[in-house]
S.K.: 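Dumping the structure here so I can ask a few things about it.
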Number of protein chains: 2
Amino acid sequence: MTRLPPTDANRRGELLRVAARLFRAKGYDGTTTRDIADAVGMRSGSPFYHFKSKQDLLASVMEEGLLASLPAAEAIAGGRLAPREKFEAMARAHLEMVLGEGHDFIPVLLYEWRCLSPELKERVRAQKERYDAQWQIVMAELDAAGLLPTDQRAARLMVVGALNYSVQWYQSAADGPVSQLARKVSALFLPPEP
Amino acid sequence: MTRLPPTDANRRGELLRVAARLFRAKGYDGTTTRDIADAVGMRSGSPFYHFKSKQDLLASVMEEGLLASLPAAEAIAGGRLAPREKFEAMARAHLEMVLGEGHDFIPVLLYEWRCLSPELKERVRAQKERYDAQWQIVMAELDAAGLLPTDQRAARLMVVGALNYSVQWYQSAADGPVSQLARKVSALFLPPEP
DNA sequence: CCTACCGATCGGTAGG
DNA sequence: CCTACCGATCGGTAGG
C-alpha cells in the first residue's frame with residue numbers, strides 16, 4: 001500500500017467514500033456535512049470546496065455507485081450465458097454491489113432517493129435506467145425460454161426487491177457467501193430444472 | 001360521517017396518522033415536529049403534550065402499524081387454508097398493509113427503523129417478531145408440502161423483501177389491484193401446480 | 001393545549 | 001483548504 005499525495009481528485013474521492021458510508025449508516029438527513037468533514041479530517045466548511053452542496057454530494061455518491069455497477073451488469077446481460085446461468089450471474093453481481101465490503105453507494109441510491117431534488121433525480125435517472133435495462137434483458141430471455149411464470153415487469157421488480165432487501169438482514173456468518181445466496185435466489189425464482 | 005368532539009385520545013390518534021404520512025413521505029429526520037403540528041392545526045410545542053419526544057412518536061407509529069396488522073396475519077397463519085392458498089392470502093394481506101389507502105404505518109416501520117434508539121427498538125421488536133412468526137408458520141407449511149425449493153429463512157426474507165419493495169414502484173393504475181399482484185407473487189415463488 | 005422562549009446545531013459563505 | 005461567521009431552523013420546555 002503506497003499512500004498517494006493528496007490531490008483535489010483523491011480528496012474528492014475520499015469525501016465520496018466517507019459520505020456513502022455515513023449516508024448509509026445514518027441516512028442523508030441524519031448525517032451532517034460536519035460528520036463527513038470530521039471523518040476525512042477536514043474543517044466543517046471544506047467539503048463545499050469540492051461539492052456545491054450537500055445534495056450535490058448525495059447525487060454524486062449515487063452516480064458513482066451506478067458507474068461502478070454498470071460494466072459488470074452490461075457484460076453479463078450482453079454475454080452468451082444460457083438464461084438460467086445469466087440470471088444467477090446477474091443476481092450475484094447485484095448482491096455483490098449491495099452487500100460487498102465497502103460497497104455503500106448502491107444502498108444509498110436505494111434508500112435516499114427521495115432526498116434528491118427533482119432536478120438531481122433527473123441527473124441520476126439516466127444511469128439508473130441503463131442499469132434497469134440490463135435486468136430487463138435478462139428477464140426477457142428467461143421469458144422467451146419459458147422460465148417466467150408471470151409478466152416480465154412484475155417478475156423483475158420482485159426479484160430486484162428481494163435482492164435489495166437483503167441489505168436489511170444479510171450477515172455473512174449466518175447466511176453464507178454471496179455466491180451461495182445467488183444460488184438460492186435462482187432456485188427460488190426459477191422453475192426446477194427438468 | 002359524524003365529527004367527534006376533540007378528546008386527548010383522538011387528538012393523539014390524529015397526530016399518529018399525520019406523523020405516519022409525513023414520516024413516510026419525507027423521512028423521520030426530514031420531518032419536523034412543526035410540520036406535524038401544522039398538519040393537525042396545533043402550535044409547535046403541543047405535540048409534546050401527547051408524546052414525550054419525537055422518537056416516542058416514531059415508535060408509537062410503528063407499534064400502531066403492527067397492532068393493526070397482527071390480527072389478520074394471525075387469522076391467516078392459524079387458519080385452515082391449504083399451504084398454497086395460505087401463502088397467497090398472507091401475501092395479499094401484507095401488500096394491503098403496505099400499499100393500501102392511508103396505510104403509512106408499516107412503511108414507516110420498514111424505512112425508519114434505524115432512527116430509533118436502541119431502547120425504542122427493543123420496545124417495538126417484540127411485536128415485530130410476532131408478525132414475522134406468522135410468516136414463519138406459512139413458510140414451514142409450504143416446506144412440509146414440498147413447495148419450497150430453498151431453506152425457509154432465505155425464502156421468507158426474499159418473499160417479504162419482494163413484497164416490501166413494492167412500495168417503491170406500485171401504481172394501482174399500471175399494476176392492477178393488490179389481489180392480482182398477490183396472485184403474481186404466488187405464481188413467481190411457488191412451483192407450478194401439477 | 002398555547003405562549004414565549006432557549007440552547008444547540010446546521011448548511012453554507014466570504015475572504016484569504 | 002482553513003478561519004470565522006451568519007441566518008435559519010430544530011427539538012424541547014416552563015408556566016399558565
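In what follows, every chain begins at residue 1, and chains take the letters A, B, ... in the order their sequences are listed. The basis for the numbers below is simple: all heavy atoms, side chains too, and nothing from hydrogens, waters or symmetry mates. Computed from a prediction, not measured in an experiment: that's the story for all the values here.
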S.K.: Tell me the closest heavy-atom pair linking B:Leu147 and B:Pro191, and the distance in Å.
M.R.: O-CD, 3.3 Å
S.K.: Going by side chain to side chain contact (heavy atoms under 4.5 Å, CB included), A:Leu99 matches just one of A:Val178, A:Leu163, A:Asp175. Which one?
M.R.: A:Val178
S.K.: Applying salt bridge (charged side-chain N to carboxylate O under 4.0 Å, His left out), can you list everything that pairs with A:Glu119, at least two apart in sequence or on another chain?
M.R.: none
S.K.: The side chain of B:Ser44 lies closest to which of these nucleotides: C:dC2, D:dC1, D:dG12?
M.R.: D:dG12
S.K.: Rounded to whole Å, please give me the gap between CZ in B:Arg11 and C1' in C:dC2.
M.R.: 12 Å
S.K.: In whole Å, what is the span from the CG atom of B:Leu57 to the P atom of D:dG11?
M.R.: 11 Å
S.K.: Please report the shortest heavy-atom distance between B:Ala89 and B:Ile76, naming the atom on each side.
M.R.: O-CD1, 3.6 Å
S.K.: A side-chain contact here means heavy atoms from C-beta on lying under 4.5 Å apart; do B:Met62 and B:Glu112 qualify?
M.R.: yes
S.K.: Is there side-chain contact between B:Phe87 and B:Val159, with at least one heavy-atom pair below 4.5 Å?
M.R.: yes
S.K.: Distance check needed: D:dC1 P versus A:Arg12 CZ, whole Å only.
M.R.: 12 Å
S.K.: Can you tell if the side chain of B:Leu67 reaches within under 4.5 Å of the side chain of B:Phe105, non-hydrogen atoms only?
M.R.: no
S.K.: What stem regions, each of at least 3 consecutive Watson-Crick or G-U pairs below 3.5 Å, can be found for DNA chain D?
M.R.: C:1-16 with D:1-16
S.K.: For the pair made of CZ in B:Arg43 and C1' in C:dC5, what is the distance, rounded to whole Å?
M.R.: 14 Å
S.K.: Taking atom CZ of A:Arg114 as the centre, does the number of heavy atoms from other residues, nucleotides or ligands within less than 6.0 Å exceed 12?
M.R.: yes
S.K.: Without decimals, in angstroms, what is the distance between A:Lys54 NZ and C:dG12 P?
M.R.: 8 Å
S.K.: Pick the nucleotide of DNA chain C nearest each of A:Ser46 and B:Leu15; which residue has the one closer to the 5' end?
M.R.: B:Leu15
S.K.: Measure from CG on A:Leu22 to P on C:dC10 and round the result to the nearest Å.
M.R.: 13 Å
S.K.: Hey, are the side chains of A:His94 and A:Met97 touching, using non-hydrogen atoms and a 4.5 Å cut-off?
M.R.: no
S.K.: Rounded off to whole Å, could you give me the CE-to-P distance for the A:Met42 and D:dT3 pair?
M.R.: 13 Å
S.K.: Which residues in residues 23-38 of chain A have a heavy atom closer than 4.0 Å to any atom of DNA chain C?
M.R.: A:Thr31, A:Thr32, A:Thr33, A:Arg34
S.K.: Measure from CG on A:Asp8 to P on D:dC1 and round the result to the nearest Å.
M.R.: 6 Å
S.K.: Nearest heavy atom decides the nucleotide; on that basis, is B:Phe48 or A:His50 closer to the 5' end of DNA chain D?
M.R.: A:His50
